[in-house]
Structure formats: structure tokens, C-alpha cells
Protein chains: 2
Amino acid sequence: MDHVTASRTLSALAHEHRLAVFRALIAAGPSGLAAGELARGVGIGATNLSFHIKELERAGLVRSWRVGRSIRSSVEVDAVRRLLEFLIADCCGGKADLCGGIFVEVSSLCCGSAQFSNPEFSS
Amino acid sequence: MDHVTASRTLSALAHEHRLAVFRALIAAGPSGLAAGELARGVGIGATNLSFHIKELERAGLVRSWRVGRSIRSSVEVDAVRRLLEFLIADCCGGKADLCGGIFVEVSSLCCGSAQFSNPEFSS
DNA sequence: TTTATATTGCAACAATTATTGAAATATCGG
DNA sequence: CCGATATTTCAATAATTGTTGCAATATAAA
């Protein structure tokens, strides 16, 4: 990932509503969520949500498809992985012994559940 | 990390110059870099860099201290770890078998080298 | 103490991004 | 086909963010 792409991807995430949408979709997994569910969950209007979903798509973070009358969206997991890799790349040239010992189990970034499992969306 | 903080942290990174600064500092490790070195490396004016460093500090991603005539800055590694954890949290409730198999060695986010090791900054 | 180097604060201006409502489009069930 | 539901497009407006030069501040070296 080049730094221009990375910057655009981060811009897409750097918005409260879009971040809420992203996390809801991460939690929802591959089957994603319908636009209406997302709008209600995040608490914004359909027009506004449509705009933000488009932004996430434009950044390659989300893909959408039609199912009946609804448009469902889900996270492009590979794009997320590439972004995280970019952020922490080139760090220290291997002097791990001097490092603060950061470790995140990014393998936990996986998908399965089809509905909101995020308390943020219980409303 | 709450979603407001996460959103602010992402906003801080979601800018080409700040992202370049961040990655240079990640590469530089705990001893950081002087503002002048960063301004030359990123290719922006001192005033502009000062503004962006302040933004990164305000987001808690960077800390700075004086060394003689220079102000040096380095990355707050814990803040980065918290951000990455927040982004991939709550994913799928453990149905890892359905997952795309994302894995990033975030343990590579460590620090040591004191100078630019990033080709982007060879100019 | 004078001079040079390094960085920040201020103020003005430029550019981008977010939100809203109303109308348009697409799908489904009857 | 017709009415209901779901989402998008458009256009107008509001709000935020980025950039620049100049002056001010702080440190260090001579």
C-alpha cells in the first residue's frame, strides 16, 4: 500500500459515523448489514448514511450488493490488513529488544456472525 | 479506547504529511527526530510541520521534548497499539473458522533505530 | 552580549468535507 | 400494474481543516 492510498483509507475511517459503521460491519462479518439497519444503528438519516457508505467503498474498505429491496454492505478484510501492515511497517529494523513489546492479535480480525453483536447497536 | 478518541486519533493520522511524519517517527524509534529533520524529510515548511506535530500530540500519538536548540518527537507506542486493538475488536465473536485468515505481526511494532531508516527520507 | 539557529503563535485566506430535504430510482408483494 | 419499502442523487448550505508568511520566543555559540 502506498502512502496516498493509506492516507485516503485513514480519512475514510476518521469520522465518527463512518467508524461506527465500520465497526458494526466488522462485527457483522461477511453477510454484512442492510443500509437501513446501519442507519438506525448509527443514528443518522438514510441520505447521510448513503454518503458515508460510498466514502467507505471509495476507500476500498467496504463492498456492497443488493439483496431484494436492501443494499447490504460488508468489510473488505484484506484492505484492513494492508492498512494495519502499512502503519506498523519499517519499524526499527528489528531491534525488538528495545521495543515496548506491543502485540495485538490481529488474527482476531475474522468474520462469522451475521448480525450486530456490538452493544453500541442495541438501541 | 472509546470511539470518540479513536475517531480523533484516526483523524490525526488521516493526512498525508502527518502520516509521513508518523511513519518517519515509527522508523526512528524512541530517540525520535528533530523538527527540522522532519520538515526537510516530509518537504514542508517549519510552521506547517509545527502545526501537524501539535495535532499528533493532541491526539496522543506523539510526544516531544527539547534537546538543546531542537525539539525532538517520537511515537507513543501504546496509543498506536490501543488504536489497532480498537479497530479490530468485537470481530465475529470467535467464529475464526469462517474468517479470511488475516494475520499481521503487530509485534513488529517496536523501536530501536535512532535515525531515518525510511527510503522516503533519503532526500 | 551579540548573532545565528530552531521552533511556535497568530491571522488571513483557501480548500475540503458534512448534513439536510426533496425528488428520483429500484424492488417486491398483492 | 399499483402501492409500499429501501436506497440514492442532487443541490444548497454549514462547518471544519490546511497553508502561508511574518513576528515572537528560546537556546546556544562566539
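Everything quoted here is computed from the prediction, not taken from an experiment. Chain identifiers are assigned alphabetically (A, B, ...) following the order of the sequence lines, protein sequences preceding nucleic acid strands; residue numbering begins at 1 within each chain. Heavy atoms only: backbone and side chains are in, while hydrogens, waters and symmetry mates are out.
- Checked by distance alone, B/Thr47 brings a side-chain donor or acceptor within 3.5 Å of a matching partner on the base of C/dG9.
- Looking at heavy-atom distances under 4.0 Å, A/Ala34 makes contact with sugar-phosphate atoms alone, never a base.
- C/dA18 atom P lies 11 Å from atom CD1 of A/Ile44, rounded to whole Å.
- Looking at heavy atoms from C-beta onward, B/Leu13 lies out of side-chain contact with A/Leu13 at the 4.5 angstrom threshold.
- Looking at every heavy atom in both residues, B/Leu61 comes nearest to B/Ala12 through CD1-CB, 4.1 Å.
- Counting any heavy atom pair closer than 4.0 Å across all strands shown, A/Ser70 reaches sugar-phosphate atoms only and no base atom.
- Rounding to whole angstrom units, NE2 of residue B/His17 and P of D/dG18 are separated by 11 Å.
- Atom P of nucleotide C/dT27 and atom CZ of A/Arg72 are separated by 17 Å, given to the nearest angstrom.
- Annotation: side chain of A/His52 is in contact with side chain of A/Asn48 (closest heavy-atom distance under 4.5 Å).
- In terms of modelled atom types and a separation under 3.5 Å, the side chain of A/Arg82 and the main chain of A/Leu84 share no donor-acceptor contact.
- For A/Val67 and B/Ala46, each mapped to the nucleotide of DNA chain C holding its nearest heavy atom, the one lying further toward the 5' end belongs to B/Ala46.
- Side-chain contact check for A/Val80 versus A/Phe22: some heavy-atom pair is nearer than 4.5 Å.
- In this model, the phosphate group of D/dT17 is not approached by any side-chain N or O of A/His15 to a distance below 4.0 Å at OP1 or OP2.
- Scanning residues 52-66 of chain A for heavy-atom distances under 4.0 Å to DNA chain C yields A/His52, A/Arg66.
- The CG-C1' distance, from B/Leu49 to D/dG21, rounds to 16 Å in whole Å.
- Using a distance-only test at 3.5 Å, with no hydrogens or angles considered, a donor-acceptor pair links the side chain of B/Arg23 to the main chain of A/Phe86.
- A/Arg18 places a side-chain N or O within 3.5 Å of a backbone atom of A/Ser11 that can act as its donor or acceptor partner.
- We find that CZ of B/Phe51 is positioned 18 Å from P of C/dC13, with the value rounded to whole Å.
- Annotation: of the two residues near DNA chain C, A/Asn48 and B/Arg69, the 5′-most nearest-nucleotide partner is B/Arg69.
- Summarising the geometry, the separation between CZ on B/Arg18 and C1' on D/dG18 is reported as 9 Å, rounded to the nearest angstrom.
- To the nearest angstrom, C1' of C/dT8 lies 15 Å from CG of B/Leu38.
- Rounded to a whole Å, the CD atom of B/Glu16 is 13 Å from the C1' atom of D/dG18.
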